[in-house]
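Model, not experiment: these values are computed from the prediction. Each ligand, and each atom within it, is numbered from 1 in the order the structure gives. Index from 1, following the sequence.
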Amino acid sequence: MSSADAFYVTTPIYYVNDVPHIGHAYTTLACDAIARFARLDGRRVRFLTGTDEHGQKVEKAAAVAGMAPQLFTDQVSQRFRELAERMQITHDDFIRTTEARHKAGVQALWRELVRRDQIYLGTYAGWYSVRDESFYAESELVDGVAPTGAPVEWVEEPSYFFRLSTWQEPLLRFYDEHPGFILPASRRNEVIRFVAGGLQDLSVSRTSFRWGIPVPDDPEHVIYVWLDALTNYMTALGYPDVDQLNFRTFWPADVHVVGKDILRFHAVYWPAFLLAAGLAPPRRVFAHGWWTHEGQKISKSLGNVIDPVQLIDDYGLDQTRYFLLREVPFGNDGDFSRGAMVKRMNRDLANDYGNLVQRVLSLIQRNCAGRLPSPVAFTDEDDRLLGAGKALLDRVRTEMAAQALSRALEAIFELVGAANRYVDAQAPWALRKTDPARMATVLYVLAETIRRLALLTQAFLPEASARILDQLAVPADARTLEHYQADAARLLPGTPLPSPTGVFPRFSE
Ligand code: ME8
């Protein structure tokens with residue numbers, strides 16, 4: 001059992017058949033926001049990402065590139081690592097399935113499944129899609145191709161099978177007993193329908209190519225790439241050494257975040273493998289939606305692939321994070337366009353959040369000799385804004401506990417809106433001559449509200465939030481959520497502030 005304050009979040013491990021694009025960046029950024037929030041909230045976090053390097057798809061891509069698979073995967077995996085760095089991802093580990101620690105763990109899981117009589121030798125005769133790395137039943141094909149649109153080929157070869165069919169009832173029971181296992185709920189229903197429709201034993205080894213982890217004691221077979229890949233979530237914690245501190249602390253994972261395309265592997269096969277091996281399934285699989293580009297599927301052949309590095313270069317890292325995480329409810333599909341991104345950045349970041357911070361900090365600079373003002377008595381309006389600020393934390397916690405990233409941001413930006421309305425209504429600039437004590441109070445209330453906003457936005461807008469907190473002279477050790485509501489952590493009147501500088505640029509529409 002993992003410890004109570006531990007929190008383990010994972011991205012899928014990405015295929016190294018091709019370089020990373022916006023879809024991969026999206027999942028990783030979402031997990032990064034989830035991990036950052038959990039850390040801010042005092043959890044002991046482990047955040048894993050990595051690359052999936054075996055299988056026919058990668059072997060073919062290496063052949064097309066005219067390279068040996070290992071050399072090819074070394075190069076492409078490096079691109080994913082570099083992207084994570086460029087996005088300032090706070091992962092604790094980056095796993096590659098060609099690493100010795102992983103191979104040993106996968107073989108150990110295989111042996112455990114054999115020991116428990118969960119694997120037997122037979123012959124596979126059926127359809128396979130290399131693009132999806134997936135077996136399909138005849139009945140699943142649509143006009144001769146996979147339901148995903150991927151081409152399929154007929155495969156007939158000796159193969160080991162996993163007794164998936166015997167796990168139908170236990171899986172249905174498991175979904176029933178763990179209603180939060182699959183999110184969003186609509187996806188949960190899809191999975192349950194699929195499992196309730198009946199499960200066939202799953203082919204878990206291949207003999208027609210070599211690029212994979214050999215089956216223990218039968219090296220003619222390589223282990224099916226999905227059994228290999230899924231196990232990364234445990235091998236990165238030291239599996240099969242289940243007594244290892246990391247494994248004991250962080251397994252079962254709190255959430256595997258995946259795209260909806262690979263939900264079945266994570267929500268059906270993975271818990272079945274784990275239950276069959278006597279191990280605890282993850283607590284949750286969250287399946288997010290799919291991005292299109294101006295209404296079209298993103299694909300190399302259409303030439304409309306969005307390079308995340310280009311977006312970051314053009315608009316900034318925080319801006320890219322914000323747009324992707326705010327624009328669509330996490331779980332829904334989204335359509336990307338630069339126009340929508342610019343609009344969203346200008347409206348929410350430059351006009352609303354940025355302007356609030358800029359107005360308040362420059363008023364303090366000009367009218368309070370650059371020091372945090374001393375409040376006098378609070379009015380009802382002041383208490384309302386401060387109270388809304390205080391209450392926001394619980395709401396954001398609740399949304400984040402369900403990985404509702406856009407709803408968390410929506411709640412945060414409601415407070416930005418309320419603070420802007422309060423500035424307009426109180427007009428502190430007009431109070432300088434008439435009622436300086438009231439002006440000081442209003443500016444203090446605003447500064448305190450901005451402090452709380454910036455504490456929360458750290459998970460989503462790390463760079464900008466750090467700059468805002470710097471400009472409010474919030475000490476580095478007072479930036480966790482423990483300091484959110486505590487009276488002792490409130491801004492200290494009289495503290496000198498640096499001169500304010502703008503945080504969010506405006507882009508031409
Ligand atoms: O499936 N919109 O790797 P993969 C949103 N190796 N997300 C997208 C996307 C898009 N248009 N395109 C890709 C694999 N993604 C396996 C995973 S895990 C044990 C093994 C994201 O390189 C999304 O998270 O094909 C999707 O699930 C993942 O990239 C697929 O990455």
Is any side-chain N of the basic residue among [X] and [Y] closer than 4.0 Å to the acidic one's carboxylate O?
X: Arg397; Y: Asp41; value: yes
X: Arg96; Y: Glu99; value: no
X: Asp93; Y: Arg46; value: yes
X: Arg43; Y: Asp5; value: no
X: Arg395; Y: Glu414; value: yes
X: Lys343; Y: Glu509; value: no
X: Asp228; Y: Lys103; value: no
X: Glu112; Y: Arg115; value: yes
X: Arg163; Y: Asp201; value: no

For ligand 1, which atoms have a heavy atom of [X] less than 4.0 angstrom away?
X: His288; result: 5 (C), 7 (N), 23 (C), 24 (O)
X: Ala229; result: 19 (C)
X: Asp52; result: 6 (N), 16 (C), 20 (C)
X: Thr27; result: 21 (C), 23 (C), 24 (O)
X: Pro12; result: 18 (S), 24 (O)

Where's the contact between [X] and ligand 1, heavy-atom distance under 4.0 Å: side chain, backbone, both or neither?
X: Trp226; result: side chain
X: Lys260; result: neither
X: His21; result: side chain

Nearest protein heavy-atom contact for [atom]: which residue, which atom, what distance?
atom: atom 13 (C) of ligand 1; value: Trp290 CH2, 3.6 Å
atom: atom 20 (C) of ligand 1; value: Ile13 O, 3.3 Å
atom: atom 3 (O) of ligand 1; value: Tyr15 CD1, 3.3 Å
atom: atom 1 (O) of ligand 1; value: Ile262 CG2, 3.5 Å
atom: atom 29 (O) of ligand 1; value: His24 CD2, 3.5 Å
atom: atom 2 (N) of ligand 1; value: Trp291 N, 2.9 Å
atom: atom 5 (C) of ligand 1; value: Gly289 O, 3.5 Å
atom: atom 19 (C) of ligand 1; value: Tyr233 OH, 3.5 Å

Winner among Val258, Leu263, Asp261 once heavy atoms are compared against atom 27 (O) of ligand 1:
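Ranked by closest heavy atom to atom 27 (O) of ligand 1, first place is Asp261.
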
Is it true that atom CD of Gln310 has more than 12 heavy atoms of other residues, nucleotides or ligands lying nearer than 6.0 Å?
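Yes, the 6.0 Å shell around CD holds more than 12 heavy atoms from other groups.
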
Hey, is Lys297 one of the residues with a heavy atom under 4.0 angstrom from ligand 1?
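False for this residue.
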
When you compare the side chain of Thr207 with that of Tyr124, does any pair of heavy atoms fall below 4.5 Å?
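In short, these two side chains do not touch, never coming nearer than 4.5 Å.
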
